[in-house]
Asker: 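Input: one structure, supplied below.
So you know, we letter chains A, B, ... as the sequences are listed, proteins then strands, and number each from 1.
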Amino acid sequence: MNVVVCVKQIPDPADPGALDPNTKTLKRDGKLILDESDSYGVEMALQLVDAAGSGEVTLVSMAPNGEVSGLRTALAMGAAKAVLVSDDALAGSDALGTSKVLAKAIARAGEADLILTATESSDGYTGTVPEQIAELLQLPSVTFAKEIAVDGSTLKVQRQTEAGYDEVECPLPAVVSVTAGVVEPRYPSFKGIMAAKSKPVDQVTIADLGIDAASVGWAGAGQEIVEIAQAEAREAGTIIEDDGEAFAQVVKFLDDLKVV
Amino acid sequence: MIEFREEHHQFRALIRDLVDNEINANADEWEAAGEFPAHQVFKAFGSVGALGIEYDPEYGGGGAEHTFTMIFGEEIGRSSSLGIAMALAVQSDMATPALHSFGSHELKDKYLTPAVAGDMVTAIGVSEPDAGSDVAALRTRAVRDGDEWIINGSKLWITNGLQADWVCLLVRTSDEGGYKGMSQIVVPTTSEGFSVSRKLDKLGMRASDTAELIFTDMRVPVSNTIGEVGRGFQQQMNQFQNERMIAAYQMVGAVETALERTAQYLKERNAFGSPLLANQAIQYELAEISAHLEVLRHHNWAAVAAFNAGADITRHATVAKLLSARLARRMADAAVQYHGGMGYVEDNWPARFFRDTRLWSIGGGADEVMLRTLARLDPIGA
């Protein structure tokens with residue numbers, strides 16, 4: 001079973017992020033790391049390939065400056081190879097532009113039985129890329145998967161909902177977004193890190209993928225960021241000193257919120 | 001100068017994650033309990049290959065250069081429980097190097113491989129009540145009886161002593177006295193005659209178990225001897241270089257973290273109408289610590305380069321151990337002082353840091369022993 005996982009390399013959330021006042025986008029010129037939300041998809045893919053007994057996990061990513069740090073982390077976890085799309089023309093790409101690039105990169109990665117993504121990235125949060133990729137590839141789209149099983153050529157997914165989960169079936173191949181926290185991503189081992197150095201990363205440009213520069217990046221973006229502003233500071237909370245009757249105030253507070 | 005490559009950064013990120021998830025998440029609870037689950041924590045580190053980074057892959061090691069050991073040390077030094085960091089360092093760099101360097105294949109297969117995997121917990125048994133830094137004064141004795149050693153004596157201040165599966169024990173195996181006639185023996189803690197007489201109640205490093213061990217007519221196979229009979233002291237002196245360097249590497253991470261946390265606190269803490277960090281007297285002390293930290297870090301890099309080149313690093317290790325311990329104490333004092341009452345209560349990290357760092361001027365060779373060694377190495381000794 002061959003699984004492709006879309007992974008995003010993002011600025012380290014441990015360091016304070018910064019927005020470029022000119023482009024109004026996140027500065028991404030420093031070292032990037034694997035988006036933690038993608039580590040669940042990588043883990044799930046590795047488990048599915050292990051369970052199938054054959055096949056491999058291929059990563060697909062789009063990042064500036066040929067950045068591979070996050071890819072190396074996922075390769076160290078056990079993925080076999082990667083396709084990286086890096087091109088100055090991709091700066092300013094919106095969600096659809098990103099999806100167009102990833103869809104082409106997935107096709108370049110070889111025949112895939114399954115394509116996994118996170119539900120959304122931890123720096124952009126659009127949450128629309130997985131469905132757009134599915135549409136561009138003309139594949140079934142299943143979102144918010146908490147459990148995935150493969151039965152022959154059928155995919156069985158438990159799809160997380162507010163009330164519990166739905167059981168969804170569709171034919172393979174398909175594009176599935178995976179919720180965070182449903183599997184425990186493995187640590188990359190020391191040997192995995194050393195092995196990852198020699199795993200192939202196929203770095204390509206949009207020309208290699210046959211993408212028209214006018215359809216991606218700033219040129220092709222259908223979205224426009226018109227303004228960025230500092231988020232309002234949260235108001236201070238209310239401190240209730242417990243004199244033995246604090247519970248009544250807590251109940252009233254919850255009642256006012258209409259949650260009890 | 002060390003060239004840090006992508007794999008070094010990846011390895012650093014891995015150890016930082018492990019420290020956060022496997023140690024820091026539980027450190028307060030384990031500190032309060034006065035012990036931590038060594039088998040659980042060591043397994044987490046062993047399963048990613050962090051406990052035998054430089055060792056032969058035949059025994060589960062990574063076969064890597066010493067640079068990775070330095071990174072490992074720096075990152076476990078950032079742990080919020082330096083006691084657990086020390087326990088890990090005992091496993092990786094204090095109890096096992098001699099076995100790796102001098103042990104027989106059978107001995108390494110049986111004891112090193114599970115230690116590297118984190119399936120066995122190890123301890124180093126050198127110090128005795130009357131032989132701490134003065135190793136040549138030790139009295140624990142092994143007498144040969146056929147294919148077995150019969151061992152009698154005791155060891156004190158043994159890290160991991162309550163949980164260890166085996167101890168790398170330094171004992172006298174002849175009557176030559178002084179530095180001569182000592183041997184290193186792998187002693188399984190299941191051996192008849194082995195006992196833990198007490199758990200020691202320490203000032204700091206409280207999550208780490210420290211014990212006094214007693215050996216009463218304890219029988220261990222002679223084949224458990226590491227290397228050559230009678231060469232134990234020399235082998236242990238080699239092993240001490242690893243111990244001293246891993247301590248110095250940890251102090252870089254520990255001081256760096258404490259400096260960051262202290263500066264952050266002082267930015268947020270206001271007194272007399274401005275943040276405490278605006279006070280020049282405070283800035284200057286932190287700047288001095290930062291300068292010393294940079295010098296220490298570069299000294300460690302020089303030690304790593306020398307080690308990787310196969311040079312004798314005795315002087316590097318001695319200087320690093322001495323100065324890193326003193327820098328950590330200076331940082332700990334500053335952290336407590338500048339946190340004021342907040343730093344003196346156990347609710348906040350500086351109190352633990354102050355207690356924990358005090359050990360490093362004592363354990364692994366006291367400051368005075370480092371100075372004595374330096375005076376002999378340099379043309380300033382008697």
Asker: Students often mix this up, so state it plainly: with edges at 30° and 60°, are the rings of Trp349(B) and His339(B) parallel, tilted or perpendicular?
Answerer: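 It falls in the perpendicular class, over 60°.
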Asker: Does some side-chain heavy atom of Val7(A) sit less than 4.5 Å from a side-chain heavy atom of Val60(A)?
Answerer: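 Side-chain contact under 4.5 Å: no.
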Asker: Quick one: closest heavy-atom pair of Leu75(A) and Ala80(A), and the distance?
Answerer: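 Looking at all heavy atoms of both residues, the closest pair is CD2-C, 3.9 Å.
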Asker: Have Asp119(B) and His39(B) got a donor and an acceptor in their side chains that come within less than 3.5 Å?
Answerer: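 Per modelled atom types, Asp119(B) and His39(B) side chains form no pair under 3.5 Å.
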Asker: Please report all inter-chain donor-acceptor pairs (under 3.5 Å) between chain B and chain A, with distances to 0.1 Å.
Answerer:
{"unit_1": "Glu6(B)", "atom_1": "OE1", "unit_2": "Ser69(A)", "atom_2": "OG", "d": "3.2"}
{"unit_1": "Glu6(B)", "atom_1": "OE2", "unit_2": "Ser69(A)", "atom_2": "OG", "d": "3.3"}
{"unit_1": "Glu7(B)", "atom_1": "OE2", "unit_2": "Lys197(A)", "atom_2": "NZ", "d": "3.1"}
{"unit_1": "Gln10(B)", "atom_1": "OE1", "unit_2": "Thr73(A)", "atom_2": "OG1", "d": "2.7"}
{"unit_1": "Gln10(B)", "atom_1": "NE2", "unit_2": "Ser69(A)", "atom_2": "O", "d": "2.7"}
{"unit_1": "Gln10(B)", "atom_1": "NE2", "unit_2": "Thr73(A)", "atom_2": "OG1", "d": "3.3"}
{"unit_1": "Asn21(B)", "atom_1": "ND2", "unit_2": "Tyr187(A)", "atom_2": "OH", "d": "3.2"}
{"unit_1": "Glu22(B)", "atom_1": "OE2", "unit_2": "Tyr187(A)", "atom_2": "OH", "d": "2.8"}
{"unit_1": "Val48(B)", "atom_1": "O", "unit_2": "Phe190(A)", "atom_2": "N", "d": "2.7"}

Asker: Looking at Met342(B), I want to see if its CE is surrounded by more than 12 non-hydrogen atoms of other residues, nucleotides or ligands under 6.0 Å.
Answerer: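 At most 12 heavy atoms, drawn from other residues, nucleotides or ligands, come within 6.0 Å of this atom.
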Asker: Which atom pair, heavy atoms only, marks the closest approach of Ile10(A) to Pro13(A)?
Answerer: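 Heavy atoms only, the tightest pair is CD1-CG, 4.1 Å.
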Asker: Side chain from CB out, backbone as N, CA, C, O: work out which of these in Leu18(B) comes under 4.5 Å of a heavy atom of chain A, or both, or neither.
Answerer: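 Both backbone and side chain.
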